[in-house]
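Working notes for the structure below.
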There are 2 protein chains.
Amino acid sequence: MLSITSLTSADGQLCPVRRVLSGVVGKWQSLILLSLEDEPQRFSAIKRLIGDITQRVLTENLRDLERDGYVTRTVSDGSPVEVHYALTALGREFLDLFKPLIGWAVQRRADIEENRAAYDRKRAD
Amino acid sequence: MLSITSLTSADGQLCPVRRVLSGVVGKWQSLILLSLEDEPQRFSAIKRLIGDITQRVLTENLRDLERDGYVTRTVSDGSPVEVHYALTALGREFLDLFKPLIGWAVQRRADIEENRAAYDRKRAD
DNA sequence: CAGTATCCTTTACGATACTG
DNA sequence: CAGTATCGTAAAGGATACTG
């Protein structure tokens, strides 16, 4: 049963399942995982692929993703160092479920924008 | 092609596709849509089903969901008024793609919590 | 009942400078 | 190169009181 009761919590904390989801569907996390889909990438490559993310925020998000087990972090000794990030099986599992959602957003984007515009036109009267 | 390039933007704005996703995978939106899955609900029923959401935030989120076309809002004349919210086809489409993600989070939750704990143990040395 | 209105706090994020 | 450290801002959300 995937009812809403499995996601609600009385106290001020997110229930564990919501905490899992919020750790991965946020503004940056899914984008970072997507940047690793084809092959492992170095820190600077991820940053370049995403474009509009600051170093600080990327570091922060990568740490959280590593902590939860979505990516691995590998440091090669040398100077300057190279740090490679790669998807784990868990990260790939998530991506496989999330990508259909991206496809849907691409398909439906125009409809949603039209809905929004229509709603705003009505309210403007 | 569902590459990352379809989601990145050079300027400070979210690209349109990311804007769509951010409007629906946030902290409350998916939960609200889930509360409407079986049948339309009144405002107070949604609030009760979710539990930890304030009236202000629920109102705000419902408006945005209505604006984008995920839910309809129907006011019955009477006193006091009854307001019913219901899923649209668009809202249902989203839920159909999002629910597998919830199922996955339920399955994987324990693993992820263990990853987190293991990571924190390492860092504690 | 279904909201508004106000105020306040927290969290995420951006910008920038610095470092092994 | 891959971060850390600091500072500042803006948006989301919580608490509470009020209303047609």
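- Computed from coordinates, the B:I53 CD1 to D:dA12 P distance equals 14 Å when rounded to whole Å.
- What separates CD of A:E66 from P of D:dG3 is a distance of 9 Å, to the nearest Å.
- Of the side-chain N and O atoms in B:R63, none sit less than 4.0 angstrom from OP1 or OP2 of C:dA2.
- A:I102 is listed as a side-chain neighbour of A:F98, based on a closest heavy-atom distance under 4.5 Å.
- Rounding to whole angstrom units, CD of residue A:Q41 and C1' of D:dC1 are separated by 15 Å.
- Between B:I46 and B:S35, the closest heavy-atom pair is CG2-OG, 3.5 Å.
- A search for side chain to side chain donor-acceptor pair (under 3.5 Å) contacts involving B:W104 returns A:E93, not counting sequence neighbours.
- Residue A:K27 places none of its side-chain N or O atoms closer than 4.0 Å to OP1 or OP2 of C:dT11.
- A:D52 has its CG atom 11 Å from the C1' atom of C:dG14, to the nearest Å.
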Study note, to complete from the structure: Dot-bracket for DNA chain C, 5' to 3', Watson-Crick and G-U pairs with both distances under 3.5 Å, [ ] for crossing pairs, | for partner on another strand, reads ||||||||||||||||||||
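- Minimum interatomic distance between B:T54 and B:K47 (heavy atoms only, all atoms of both residues): CA-NZ, 4.4 Å.
- If you take CD1 of B:I50 and P of C:dA2, they are 14 Å apart, rounded to a whole angstrom.
- Counting to the nearest Å, the C1' atom of D:dT4 and the NZ atom of A:K47 are 15 Å from each other.
- Minimum interatomic distance between A:P16 and B:R109 (heavy atoms only, all atoms of both residues): CB-NE, 3.3 Å.
- A sub-4.0 Å separation between OP1 or OP2 of C:dA2 and a side-chain N or O of B:R42 is present.
- Atom CD1 in A:I46 sits about 11 Å away from atom C1' in D:dA2, given to the nearest Å.
- Of all the residues in residues 54-62 of chain B, B:Q55, B:R56, B:T59 reach under 4.0 Å from DNA chain C with at least one non-hydrogen atom.
- Rounded to an integer number of Å, the gap from A:I32 CD1 to C:dC13 C1' is 13 Å.
- At a threshold of 4.5 Å between non-hydrogen side-chain atoms, the residues A:Y119 and B:D68 do not count as touching.
- In this structure the side chain of B:L90 reaches within 4.5 angstrom of the side chain of A:R108, judged on heavy atoms.
- Residue B:R73 places at least one side-chain N or O closer than 4.0 Å to OP1 or OP2 of C:dG3.
- Under the 4.5 Å side-chain criterion, counting only non-hydrogen atoms from C-beta, B:D64 is not in contact with B:Y70.
- Taking the side chain as every heavy atom from C-beta outward, A:L97 and B:P100 approach each other to under 4.5 Å.
- Annotation: of the two residues near DNA chain C, A:G26 and B:V81, the 5′-most nearest-nucleotide partner is B:V81.
- The side chain of B:Y85 contributes no N or O atom lying less than 4.0 Å from OP1 or OP2 of C:dC1.
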